Amino acid sequence: MNVAATPSPEGFAAEVVSTNKARCRDCFRCVRYCPVKAIRMHEGQASVDPARCLACGTCVRQCPQGAKSFRNDVARARTLLVQNAPVLCSLAPSFAAVFPGWRAGRLPSALRRLGFAHVSETGIGAEIVARHTAQSAAEAGPRARICSSCPAVVRYVERYRPELLGALAPVVSPMIAHARWLRRKFGPHVRIVFVGPCVAKKAEAQRPEYHGDVDCVLTFQELSAWLDQEGIDLAACEESQFDAAAGPLGRAFALEGGCLRAAEECADGASTRQPLALSGFENICDAFDGLPRLTEPLLIEPLFCPQGCIGGPGMVGEGGIVARRLALLHHAQKAAAPQAAPPPATHFAPHAARQALAAPNAPAASESAAAPTSAAAASASTSALGWAAGRASDAETPTEPDLPRALCRAEFRCLMPPDEREGDETLLRATLERLGKADPADQLDCGACGYASCREKALAVLRGMAEPEMCLPQMRRLAEQRVDRIIETSPNGIVIVDQQLRILHMNPAFRRFFMCTDSLCGRPISLLMDPEPFERLASGRDDRIERTVDHPKYGLVCHQIIYTLPHEGQYVGIFVNITHLQASRRQLDELRAQTIRQARELLQQQMTMAETIAVCLGENTARAEALLDKLMAAAESSGRERAGTASGAGEASDRPEAPFPAAAQRAAPGSFGPKQFSALPRLGSLAGRNPGPTV
């Protein structure tokens, strides 16, 4: 059990029970076990609503992750001890169940070592409360009376059962009665720390009407941790008595029926009533439900924790409830039996604090002053405190503690908000419909969400305390519907067959692919396709088969994934239609082949055209070359004839003109003359063709 993760602030403004959100795991356990459903759920995180919480500590006890914790007030107690005012310790009667046997006799010394100036039993206040409760019961007439010692029960009546406010006995709790008794003895300047098993006591000390009565409340868990931190071992402490001890009735007050027994001893008026001792929230609710219909006068003592205060959330120790009860009864019997002289007590309270108790107006002594260590000094200190009654011994009998009735009166008030007293039935029906619970057949009242009924859950949703997603059956149903919806709307064909390869289910896409109907359910899968993949799975050779299969009968090409559901003994087939992909692939292959074919044809045409052009160029060039040769031959022949005629006739005037002037025959640089023509390669030979004979 987690005590607390954060220290207490100054005062009591902080909530008693808090949540560590980092540890909260959305398990709804705190909602299920919270007796008044004071847990608010938001986005899967559980938090405590202080206005609704009883501070009973049930969620702290039940949280498996330690996400719930109650406030740790050890730091505040330490702060009180270092101040000048003396600090008194009020120890709840159930301490004997936490520190049984010899430990109970040494606990006062350990508390004094912590610095407490005075250690007394809260059972003294319990005896006062029992007496005033008996008087209140006698004055109630025929009405039933409910004991008001348990702060969790008082808070429950104020918040959730306001019709029973008049039945509560107007008496404070033993903690408050003892604290007021101590202040009446020592003055208002003292500080009081209560130590007990109850977390609700922390909330009770915060009530405005009890302001200034109890300065700090610790649980036994906090006290044990504090002793360990200070290194105080009970085995090393000497046995000593309390500065003020309770009687047997006060010590047994923590047990179921303890207040009733004490009230019967205190007044005869209580004996005329039927006593009814209850413990545990369920029993209390059952009794309160039938209380308005009863006419017989009752005196009811309800204790919120099972078996009374010994079952409180602040208890520690390895012993079970039986061992705790026996230890407490043994401690109460010791108070009833004659006592021998107590062994010398060593008081470890600061000497200055004890002097302040003895003389509140006297200045405090220095801290270095030695504390009384002898029995005489202890006795003198006790006498200075004015405790003629309370320290029982074989030579003296303790007087009965007394407190005026005015200091023991309590007033209780209704804490239920007006908007929760009457529920809006129209809004509630609308909320049930939104939660999928409009039909009474859907209202399972399973309690998985933490609420006893679907109607209570809808009311919590309406008040903002719960979320719709907390209904586990509804969430499962929605999840199944989503899965079914996905399967039914999937574009892929899905079929499920059993171990005999009979069709169990097929979705619309599968029926469309294989042109079948639901009438084939229960028939073999072989009626639609080759069952070989399913047979391989059934034989155990494979647990998953993936392949692409052509189904020409249906004009279908599928990529098939078939796998096994081993726990269900079923086989699932998923068929992805890739027919259009295959057709597209074939079309692409055909287009690619056609493109290559056309490219080859175009290249062939270009080569043919290039050859044709080369042939034409070669023929034309050959013809031009032949013509040029003829012209050159004619020119040379004409030149020879003209030269011979000139030499024979001797007359220059009769010489014919050359067909080509000399200037034309002299090729200018870069010109294209006959020699250059003769140097050109034959184009016909380049084309690989014979240009023909030269003319």
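Quantities reported herein were computed from a predicted structural model and do not represent experimental measurements.
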Using a distance-only test with no angle check, is there a side-chain donor-acceptor pair under 3.5 angstrom linking [X] and [Y]?
X	Y	result
T133	R145	no
S279	Q307	no
S47	T19	no

Discussion item. Applying side-chain contact (heavy atoms from CB on, under 4.5 Å) to R409 and V172, what does each step give before you reach the verdict?
Written reply: CA-CA 6 Å; R409 287 194 62 85; V172 298; over 6 Å; no
Worksheet item: For the residue pair H178 and F194, is the inter-centroid distance of their aromatic rings smaller than 6.0 Å?
Response: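 No; F194 has its ring centre 6.0 Å or more from that of H178.
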Worksheet item: So, for F304 and F281, is the gap between ring centers shorter than 6.0 Å?
Response: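 Ring centroids of F304 and F281 are less than 6.0 Å from each other.
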Please confirm whether the backbone N or O of [Y] pairs with a side-chain atom of [X], one donor and one acceptor, at under 3.5 Å?
X	Y	value
R29	Q62	yes
R324	I310	yes
Q65	C24	no
R191	P86	no
D215	V193	no

Residues [X], [Y]: salt bridge by 4.0 Å N-O rule:
X	Y	answer
R251	E127	no
E209	R413	yes
E265	R131	no
D233	R113	no
D73	K201	no
E15	R71	no
E222	K202	yes
R261	E301	no

Can you measure from [atom1] ([X]) to [atom2] ([Y]) and round to the nearest 0.5 angstrom?
X	Y	atom1	atom2	value
L107	E239	CG	CD	12.0 Å
R161	I284	CZ	CD1	10.5 Å
L223	F220	CG	CZ	7.5 Å

Worksheet entry | Of S173, S90, S94, the residue whose pairing with T122 passes side-chain hydrogen bond (donor to acceptor under 3.5 Å, both in side chains) |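 Exactly one candidate clears the test, S90.
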Nearest atoms (heavy-atom pairs only) where [X] meets [Y]:
X	Y	value
V36	L54	CG1-CD1, 3.6 Å
F412	P170	CE1-CA, 4.0 Å
H132	R405	CE1-CA, 3.5 Å

Worksheet item: Crowded around E411 CD? As in, over 12 foreign heavy atoms under 6.0 Å?
Response: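 For E411, atom CD is not crowded (no more than 12 foreign heavy atoms under 6.0 Å).
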Worksheet item: Considering residues, nucleotides and ligands other than E282, do more than 12 of their heavy atoms fall under 6.0 Å from its CD?
Response: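 Not buried by this count: 12 neighbours or fewer within 6.0 Å.
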